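Report on one structure; see the data block that follows.
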2 protein chains.
Amino acid sequence: MTRFHGHMEVALAEARAAGARGEVPVGAALADAGGRLIAQAGNRMRELSDPTAHAEMLVIRAACAAAGSLRLPGARLYVTLEPCAMCAAAIAAARIARLYNGAADPKSGGVAHGGRVFGHPPAPHVPDIYYGIADREARALLETFFRDLRGGGGQGGEDR
Amino acid sequence: MTRFHGHMEVALAEARAAGARGEVPVGAALADAGGRLIAQAGNRMRELSDPTAHAEMLVIRAACAAAGSLRLPGARLYVTLEPCAMCAAAIAAARIARLYNGAADPKSGGVAHGGRVFGHPPAPHVPDIYYGIADREARALLETFFRDLRGGGGQGGEDR
């Protein structure tokens, strides 16, 4: 297994763990310019009562805090679901160099859908984007989660 | 002075305080559906080494944590500078009802500029937007800050 797939596996494991906590199963892993894993997280919105606690936001915040820096030049972000506009803008703000993206999110995505945050002049930075990595596994996780929610009379209405 | 202007005054005071801390001077105030102030903050990105610590994000996170909820139905957000795409998406996620917007941000804004986050189908929610409130005061704060930075050989390259 390549280092590349290894980090997406970490993100998928975080997504599974998030689902087990009752969160929408999305996970993220962040590696530095040398490929070393520096942060990993799954969604924690419900747990923290924080609508901004998406997996991507948590790894960016953790890595920036650890580095004592607003920017993570060279960093590579692995995420199981297309980032929303909030996360895409945070990725730009932190100057993440590469985005490895799992499943597409036609409903709430902000990279290939919606506001396409990286496609407009105000984006201070645009990462290299590798789209559709582990797409099948990432989609299966989400589909199972929402099918179970519906089957069990869950709340529904989740944003992501 | 109306209650309306009072909350924008709180946001402006937070922006001034942020500038005094060396942060880009942007402030936000959040009121509940009844108009009661429930959170106020200025930018704290540098202080926290957190590129997501924009004033809007801080008030949304604080109010959601206090309410134990991911959503703030009826809430009104007063912000001195047009929210970026990150903050606009967080506003949508939290179901903020009204956005009172100070100065425009043609460079990094995500509401009337850039990805125009609220203008795309994936936006789960679009607030009522009151644009240009206290625009002159909010712009003057920013212009002074960046003029002083340039004059003083500051870092520059700030996103907002």
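Every chain is numbered from 1 and lettered A, B, ... according to where its sequence line falls, protein lines coming before strand lines. From a predicted model like this one, the values you see are computed outputs, not experimental measurements.
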*hydrophobic_cluster_shared for B:Leu58 and A:Met86, side chain cutoff 4.5 Å*: no
*Check whether any side-chain heavy atom of A:Met57 sits under 4.5 Å from a side-chain heavy atom of B:Met57, and report yes or no.*
yes
_For a quick test of reading the model, state the closest non-hydrogen atom pair linking A:Met45 to B:Leu70 and the distance between them._
O-CD2, 3.2 Å
_Smallest separation among heavy atoms of A:Pro51 and B:Ile60, with atom names_ = CG-CG2, 3.9 Å
*Is chain B contacted by the side chain of A:Ser69, its backbone, both, or neither, given a heavy-atom distance below 4.5 Å?*
backbone
*Check whether A:Leu48 and B:Leu30 end up in the same hydrophobic cluster, where Ile, Leu, Val, Met, Phe, Trp and Tyr are linked by side-chain heavy atoms less than 4.5 Å apart.*
no
*Would you say A:Leu149 and A:Val26 are hydrophobically clustered, going by side-chain heavy atoms of ILVMFWY under 4.5 Å?*
yes
*Rounded to the nearest 0.5 Å, what separation is found between the CZ atom of B:Arg61 and the OG atom of A:Ser49?*
12.0 Å
*Given side chains that start at C-beta, do those of B:Asp50 and A:Cys64 come closer than 4.5 Å, heavy atoms only?*
no
*Largest heavy-atom contact set with chain A, pairs under 4.5 Å, which of B:Gly68, B:Ala89, B:Ala85*: B:Ala85
*Distance in Å, A:Ile91 CD1 paired with B:Thr52 OG1, rounded so as to fall on 0.5 Å steps*: 12.5 Å
